Each structure stands twice: as C-alpha cells, then as structure tokens.
2 protein chains.
Amino acid sequence: MIPKELAAASSRPLVLAILAKGDDYGYSIIQRVKEASGGQIEWSEGMLYPVLHRLEKEELIRSFWKQTDNGRRRKYYRLSASGKRSLTVHRDQWNSVHKTLSQLWGTEPCFS
Amino acid sequence: MIPKELAAASSRPLVLAILAKGDDYGYSIIQRVKEASGGQIEWSEGMLYPVLHRLEKEELIRSFWKQTDNGRRRKYYRLSASGKRSLTVHRDQWNSVHKTLSQLWGTEPCFS
DNA sequence: TTGCTATACCTAGCGCCACTAGGTATATTG
DNA sequence: CAATATACCTAGTGGCGCTAGGTATAGCAA
C-alpha cells in the first residue's frame with residue numbers, strides 16, 4: 001500500500017511516462033500502473049480521472065474519443081509537446097529527491 | 001524547486017532519515033536538507049514545524065528542550081523505536097515507486 | 001429474463017498537508 | 001541601536017487523493 005502523499009507525488013510522472021510510450025485510456029492506465037509496479041501500486045478510478053482532467057487542463061495531454069469493435073467508447077489521451085518537456089522536469093525533480101534520500105539512507109545514490 | 005506533492009511525499013522520510021543519524025532541531029534540519037540535496041531542496045519553517053508536530057503526535061519522534069551556551073533555547077527531536085520502523089517502511093514504499101518510475105522512464109531501476 | 005461481473009466513464013464532499021503570511025523572542029553584527 | 005541570523009510557533013487557504021456514489025454497455029451464467 002502506497003500512502004497518499006507518495007501517490008500524489010508519483011501520479012503525474014507515472015501518467016506522463018506511460019503516455020510517452022503511446023496513447024492510452026484511463027481504465028487501461030490503471031492496469032498498466034499495477035502491472036509495472038508488480039502489483040504494488042493500485043490506483044482507484046476516483047484518483048486517476050481527476051489527474052487526467054488536470055493534466056488536460058494544463059495542456060500536457062490531449063484527449064479524443066474512440067469506438068472499439070464492440071461499440072464501447074474509450075477516451076484516449078496523448079502526450080503533448082509541453083507534456084514531454086514536463087516529463088523530463090518531473091524526472092529530474094524526482095531523481096534529485098531520490099538522490100538525497102538514498103544518500104541519507106546510507107545507500108548508493110541512484111543517478112539513473 | 002521541488003513541487004509541493006513531491007515535497008509532501010519526501011518530508012517524513014527525510015526528517016526520519018536525518019534523525020536516524022542523531023538528535024537534531026528544526027532550524028538545523030532545514031539546513032541539513034538543503035545541504036544534503038546540494039541546494040535543491042529548500043524547506044520553509046512553515047512547512048517543517050507542522051511535520052515535526054505531526055511526527056511527534058504519532059510518536060515516531062520525541063522532543064526535549066535544550067539550552068545552548070549563549071542562552072538560546074532549542075527543541076531537539078529524537079527518533080523513537082516505532083520511528084525507526086516507520087523509516088524502513090517509508091524507504092521500501094519509496095523504492096517501490098522509484099523502481100516503477102525508473103522502469104517506465106527506460107532507465108535501469110535502482111534497487112538500492 | 002435476470003442478475004452479476006468487467007469495462008469505462010464521471011463527480012461532490014471530506015480530510016490531509018504544503019504553503020503563505022504573519023507573530024514572538026534572543027544573540028550577533030554594523 | 002537598528003538589522004540580520006537564529007529559533008520557535010500557527011491560522012487560513014488551496015490543492016489533491018480518496019470515498020462513495022452515479023451512468024452505461026458487453027458478456028456470461030442461472
């Protein structure tokens with residue numbers, strides 16, 4: 001279980017990172033995060049959708065509707081140019097904090 | 001500049017990690033964090049003191065007053081047994097998220 | 001037919017927490 | 001005798017995860 005503060009800090013970077021790999025929609029993003037984290041991170045819909053709406057409002061991502069074969073509709077999101085830039089900023093900030101924490105924990109800092 | 005969500009996620013782990021190295025007081029903790037982060041993380045007092053009070057309320061840390069030579073008083077904090085346990089939990093949660101992010105960013109995950 | 005589950009979207013209200021913007025007090029320095 | 005650094009505190013605000021609901025379609029089983 002990931003505490004809410006850590007969830008808040010990682011939600012934007014995670015969504016941006018996933019969309020950097022290709023367009024995706026909400027329900028699928030939740031499953032991807034769970035998969036990528038080995039089941040450690042389990043997002044609720046009530047957590048993700050507001051994040052997506054905020055990112056779209058900030059124009060870091062754009063949305064468009066798509067129909068599947070069986071008629072079910074999905075709202076896909078695509079990373080914008082500024083979203084790509086934002087992703088690297090988030091990554092640098094994260095790594096900066098991670099380096100500090102690793103150092104204090106007495107383990108080797110991770111420069112990746 | 002570290003965004004507020006990332007600051008929120010790292011404040012507890014950072015304070016616990018610093019106190020794990022020895023007793024310390026508020027004003028000094030702010031400087032230690034700035035130093036340890038290479039100037040990247042600059043905490044305000046209005047951010048740190050509530051954190052310390054919360055941690056004390058949760059009994060993860062304990063406080064005691066001390067007089068310096070020049071007569072100025074300082075409120076020192078010490079990590080409790082449950083605080084030490086909490087530190088490792090925070091570290092594991094952090095590393096879990098970090099591993100996921102690193103993986104999605106396409107860099108080698110950091111297992112430290 | 002009638003549920004039940006999975007998929008797929010949405011939001012109002014609550015509570016936590018960083019941050020702003022103040023306040024108090026003492027020691028040092030110009 | 002101000003200005004700065006040290007050292008503590010807190011009320012109010014806004015952002016955001018989360019709970020707990022809602023809507024709707026597809027597929028499957030009783």
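Please read these numbers as outputs of a predicted model, since none were measured by experiment. Excluded from the calculations below are hydrogen atoms, water molecules and symmetry mates; all remaining heavy atoms, backbone and side chain alike, are included. Naming convention: chains lettered A, B, ... in sequence-line order (proteins, then strands); numbering from 1 in each chain.
In this structure, B/Lys75 fails the cation-pi test against B/Tyr25, since its NZ or CZ atom is not both closer than 6.0 Å to the six-membered ring centre and inside 45 degrees of the ring normal.
Distances shown here put a side-chain N or O of B/Ser11 below 4.0 Å from the OP1 or OP2 atom of C/dA18. A sub-4.0 Å separation between OP1 or OP2 of D/dT6 and a side-chain N or O of B/Arg73 is absent. In this structure, B/Tyr25 does not reach the D/dC8 phosphate: none of its side-chain N or O atoms is under 4.0 Å from OP1 or OP2.
Across the protein-nucleic acid pair, A/Trp43 atom CH2 and D/dC16 atom C1' stand 13 Å apart, rounded to whole Å.
For B/Glu58 and B/Arg12, the salt-bridge test passes: some basic side-chain N is under 4.0 Å from an acidic carboxylate O.
The side chain of A/Tyr49 sits closest to C/dC10 out of C/dT20, C/dA18, C/dC10. Out of C/dT11, D/dT10, C/dA27, the shortest distance to the side chain of B/Arg72 is found at C/dA27. Each of C/dC17, C/dT11, D/dA7 was ranked by its minimum atom distance to the side chain of A/His53; first place goes to C/dT11. Ranking C/dT20, D/dA7, C/dC9 by closeness to the A/Tyr27 side chain, first place goes to C/dC9. Here the nucleotide nearest the side chain of B/Arg74, chosen from D/dC8, D/dG17, D/dG15, is D/dC8. Nearest nucleotide to the side chain of B/Glu45, out of C/dC16, D/dC16, D/dA7: D/dA7. The nucleotide whose nearest atom lies closest to any side-chain atom of A/Ala7 is, among D/dG17, C/dA18, C/dC9, D/dG17.
If you find the closest nucleotide of DNA chain C to B/Pro50 and to A/Trp65, the one lying nearer the 5' end belongs to A/Trp65. Heavy-atom nearest nucleotides on DNA chain C were determined for A/Lys4 and for A/Tyr76, and the one closer to the 5' end corresponds to A/Tyr76.
Atom CG of B/Leu16 is separated from atom OG of B/Ser80 by 8.5 Å, given to the nearest 0.5 angstrom. Separation of atoms CG (B/Leu6) and CD1 (B/Ile41) is listed at 7.5 Å; rounding is to 0.5 Å.
Across all strands shown, B/Gly26 has heavy atoms under 4.0 Å from sugar-phosphate atoms exclusively, and none from any base. The residue A/Ser28 sits apart from the nucleic acid: no heavy atom pair falls under 4.0 Å.
You won't find any donor-acceptor pair under 3.5 Å spanning the side chain of B/Glu5 and the base of D/dC16, going by distance alone.
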In sequence, state the C-alpha distance, the side-chain angles, and the governing distance for A/Val15 and A/Tyr77, and then conclude on side chain to side chain contact (heavy atoms under 4.5 Å, CB included). CA-CA 10 Å; A/Val15 170; A/Tyr77 290 93; over 6 Å; no

